[in-house]
Amino acid sequence: MRKQDFSPTVLDFGPVQFYLARHFGFCYGVENAIEISYKALEENPGKRVFLLSQMIHNQEVNDDLQCRGIRFIMDTDGQHFIDWDELKPDDVVIIPAFGTTLEIQNLLLDRGLEVQKYNTTCPFVEKVWNRSQKLGEENYTIIIHGKPRHEETRATFSHSSQGGPSIIVKDMNEAQLLGEYVLGKKSREGFFEDFAWKHSEGFDPQRDLQRVGVVNQTTMLATETQAIADFFRQLMIDRFGLENLKEHFADTRDTLCYATNDNQDATYQLLESGADLAVVVGGYNSSNTSHIVELCERKFPTYFINSEREIKSGSEIHHYNYHRKEKMISHDFLPTKNPVKIVLTSGASCPDTLVDRVMLRLLEFFPETKALEEVIRQYA
Ligand code: SF4
């Protein structure tokens with residue numbers, strides 16, 4: 001029952017009230033990946049332990065792993081810190097929760113490295129790969145709704161390309177652009193310019209856009225994926241007729257993971273809280289966190305921060321504008337009213353302790369608040 005309840009938890013400190021999302025923070029995949037990483041360190045004293053790239057999109061967790069001796073081979077954009085040639089068969093390589101491409105997996109195997117023992121690929125990501133494979137087997141072209149440079153989307157694209165023609169669209173604008181090619185309104189040459197490096201090898205826009213199915217990166221906005229799937233469905237009806245829809249469109253449910261769904265549903269409930277502002281905690285390159293921010297922005301002034309250290313004082317906060325991909329400074333972010341209502345939540349790659357620390361930091365700016373023990377007693 002509780003799992004179905006998405007209403008926020010209200011912590012009433014008197015002059016300030018926090019509306020905590022019912023679901024936030026670490027998901028199964030992230031917890032599992034972190035556990036395996038620490039195990040890899042423990043089980044391999046004296047060996048070099050590498051992570052293909054950031055374990056999760058959270059700086060604090062990644063810093064801690066690095067302090068304990070783990071080294072990153074690449075950054076999130078695929079730029080190398082360590083050359084493949086530096087790796088020796090005796091090294092330990094951990095595959096992160098997003099999974100990796102078949103090309104990288106084969107490259108590691110060719111160098112004699114063991115890749116399964118510390119493979120932390122989340123089962124929900126593997127589920128998308130399986131779904132893509134099935135679409136490929138049924139001769140559908142796989143349209144992946146995802147961020148083209150995100151590790152997970154690159155991994156999914158690599159796996160799905162083995163099964164059938166695949167193409168990535170990052171948003172509805174790109175879906176509509178691809179729609180022009182489905183309807184044959186744009187030239188073949190234009191396709192290879194518009195979707196350069198986002199389609200599988202040998203993709204033929206005339207042949208491969210007649211029968212499609214949509215999957216997504218597990219952390220996209222559910223409503224956007226649904227809108228994109230609906231768009232392609234309608235396009236196929238327009239082109240081939242409703243009676244032939246099944247031949248041209250695979251009716252897939254979205255492939256979001258449970259954590260993304262729960263966190264987004266809980267955020268929709270937060271939007272009804274009538275709060276004065278929202279503080280969202282998470283890594284600045286975290287896809288799922290950016291979608292929670294996007295939802296909160298529809299209703300409140302929203303501050304996306306990666307730790308309590310970004311709250312410089314009761315009147316100054318440093319936060320991230322993910323639309324412009326830059327840090328910003330805002331003043332007077334706390335309204336002068338009583339009580340101030342603050343929505344507080346975090347993404348799937350954010351430890352809960354960080355949310356605690358942000359709440360405790362914010363409490364410093366309100367006089368005569370009730371004691372924490374008293375406030376949380378009702379939930380004990
Ligand atoms: S966000 Fe979802 S898919 Fe990604 S690691 Fe967590 S549970 Fe797995």
Side-chain angles (χ1 to χ4, degrees), residues 3 6 21-40 51-62 65 72 76 94-101 118-133 142 144-160 168 170 214-226 252-268 280-295 304 306 322 345-352 354-355:
K3 188 123 184 68
F6 292 102
R22 176 70 65 175
H23 296 277
F24 66 87
F26 271 5
C27 58
Y28 164 78
V30 165
E31 273 185 7
N32 178 54
I34 292 172
E35 212 170 285
I36 294 175
S37 301
Y38 286 118
K39 195 164 140 220
L51 251 161
L52 269 186
S53 64
Q54 290 188 335
M55 168 53 64
I56 53 170
H57 288 146
N58 187 284
Q59 198 53 42
E60 298 241 334
V61 175
N62 290 320
L65 287 167
F72 293 125
T76 31
I94 305 169
I95 306 218
F98 323 110
T100 193
T101 64
Y118 300 113
N119 181 352
T120 76
T121 306
C122 179
F124 294 102
V125 174
E126 282 175 338
K127 205 169 143 194
V128 184
W129 298 351
N130 295 339
R131 187 78 192 95
S132 308
Q133 193 179 338
I142 302 123
I144 304 164
H145 172 218
K147 299 182 176 177
R149 295 193 186 279
H150 191 285
E151 291 102 317
E152 184 193 316
T153 295
R154 291 204 302 262
T156 295
F157 176 69
S158 159
H159 283 259
S160 76
I168 304 171
K170 77 169 190 294
V214 178
V215 298
N216 55 1
Q217 186 182 320
T218 55
T219 50
M220 300 307 276
L221 203 53
T223 47
E224 194 181 29
T225 298
Q226 190 55 54
T252 54
R253 279 173 53 86
D254 67 53
T255 47
L256 297 169
C257 72
Y258 84 95
T260 300
N261 270 315
D262 286 357
N263 288 357
Q264 288 180 12
D265 286 345
T267 308
Y268 281 113
V280 182
V281 193
Y284 296 151
N285 51 359
S286 159
S287 169
N288 78 87
T289 315
S290 71
H291 294 308
I292 293 172
V293 172
E294 195 178 334
L295 293 178
F304 181 7
N306 62 8
Y322 82 93
T345 187
S346 71
S349 49
C350 178
D352 292 355
L354 258 178
V355 178

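Whatever order the structure lists them in is the order used to number ligands and atoms, beginning at 1. Keep in mind it's a predicted model, so treat the numbers as computed, not measured.
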side-chain hydrogen bond (donor to acceptor under 3.5 Å, both in side chains) partners of [X], counting only residues at least two apart:
X    : answer
S346 : none
Q226 : D230
N263 : none

From CA spacing to verdict: side chain to side chain contact (heavy atoms under 4.5 Å, CB included), H23, Q264: CA-CA 9 Å; H23 296 277; Q264 288 180 12; over 6 Å; no

T156 side chain to W129 side chain, donor-acceptor N/O pair below 3.5 angstrom: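 Judged by distance alone, the side chains do pair up.
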
Intermediate values then yes/no, side chain to side chain donor-acceptor pair (under 3.5 Å), S287 and T219: CA-CA 6 Å; S287 169; T219 50; 3.1 Å; yes

Every N, O or S from the protein that is nearer than 2.8 Å to atom 2 (Fe) of ligand 1: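 Near atom 2 (Fe) of ligand 1, the protein supplies C257 SG.
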
